Amino acid sequence: MYGRIVNKKPSLRDVAKQAQVSLGTVSNVLNRPTQVSEETRLRVREAIDMLGFVPNKGSSESSKSKIVGLILPMGNSPFYDEMTNGVEDAINAHGYRLLIGYSREDEAIELQLLNSMVESNFRGIIVTPVGSQNQVFDKFIEKNV
């Protein structure tokens, strides 16, 4: 139909354009956030939130994955250690394995870990969010992650 706007999935290029940065910078924010200034990471993260960008999940093999991810803000905490043990015991009982990532209380690292787990087709991901803005999680939830 003439004049109809097609609602397409936002791409890395769309995020880069929105954040006014290069494709490489967006890739660094997603994969190597410590190589990008905090100001630039925030701009890219805002563009990701605004556009609803979610990386490709890959194949449909995710339903066969036996790995569950756990993203924690910090390590060496009695609370998180006890919680991790409980999660691990619960999922091990059903044949799953737990892999843990630490965000170091940095939203950019948290997003990097989340994207990596999605791209690796983890069966599920448990997150203790760093920030108060959970819009990124809404986008993953909408995509059935």
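What you are looking at is a predicted structure, and each value in this text was computed from that prediction instead of being measured.
- What you find for K66 and H94 is that their closest heavy atoms are NZ-O, 4.3 Å.
- Looking at F53 and L12, their side chains come closer than 4.5 Å, going by heavy atoms from C-beta outward.
- Between Q112 and P33, the shortest heavy-atom distance links the atoms OE1-CD, 3.0 Å.
- A donor-acceptor pair shorter than 3.5 Å cannot be found between the side chains of N28 and T25.
- Side-chain atoms of T84 come within 3.5 Å of backbone atoms of Y80 as a donor-acceptor pair (strictly under, hydrogens ignored).
- When hydrophobic clusters are built by joining Ile, Leu, Val, Met, Phe, Trp and Tyr residues whose side-chain heavy atoms come closer than 4.5 Å, directly or via intermediates, Y102 is not grouped with I109.
- Of all the heavy atoms in Q20 and R43, the pair that sits closest is O-NH2, 3.6 Å.
- Both V127 and F122 are part of a single hydrophobic cluster, where members link through side-chain heavy atoms under 4.5 Å apart.
- In this structure, the side chains of V68 and R97 stay at 4.5 Å or more apart for every pair of heavy atoms.
- To the nearest 0.5 Å, atoms CD (E88) and CG (L70) are separated by 9.5 Å.
- Within the 3.5 Å criterion, the main-chain N or O of V130 finds a donor-acceptor partner in the side chain of E110.
- From L72, atom CG reaches atom CD of E105 across 11.0 Å, with rounding to the nearest 0.5 Å.
- At distances below 3.5 Å, not a single donor-acceptor pair connects side-chain atoms of S103 with backbone N or O atoms of M74.
- Within 6.0 Å of atom CG in D89, more than 12 heavy atoms from other residues, nucleotides or ligands are found, so the atom counts as buried in its surroundings.
- Once rounded to the nearest 0.5 Å, the distance linking CG of L111 with CG of D49 reads 8.0 Å.
- The nearest pair of heavy atoms linking A47 to Q18 is CB-CG, 3.6 Å.
- Atoms CG and CG, from L30 and N115 in turn, are 5.0 Å apart once rounded to the nearest 0.5 Å.
- A donor-acceptor pair is defined here as one N or O able to donate and one able to accept, closer than 3.5 Å; no such pair exists between the side chain of R41 and the backbone of V29.
- Once rounded to the nearest 0.5 Å, the distance linking CD1 of I125 with CD1 of I67 reads 11.0 Å.
- When all heavy atoms are compared, the tightest approach of P10 to L51 is CG-O, 3.1 Å.
- When the side chains of ILVMFWY residues are joined at heavy-atom separations under 4.5 Å, either directly or via intervening members, V15 and V118 end up in a single hydrophobic cluster.
- One hydrophobic cluster, built from ILVMFWY side chains closer than 4.5 Å, holds both I48 and L113.
- Atom CZ of residue R13 and atom OG of residue S22 lie 11.0 Å apart, to the nearest 0.5 angstrom.
- In the hydrophobic clustering of ILVMFWY residues, with side-chain heavy atoms under 4.5 Å counting as a link, Y96 and V87 come out together.
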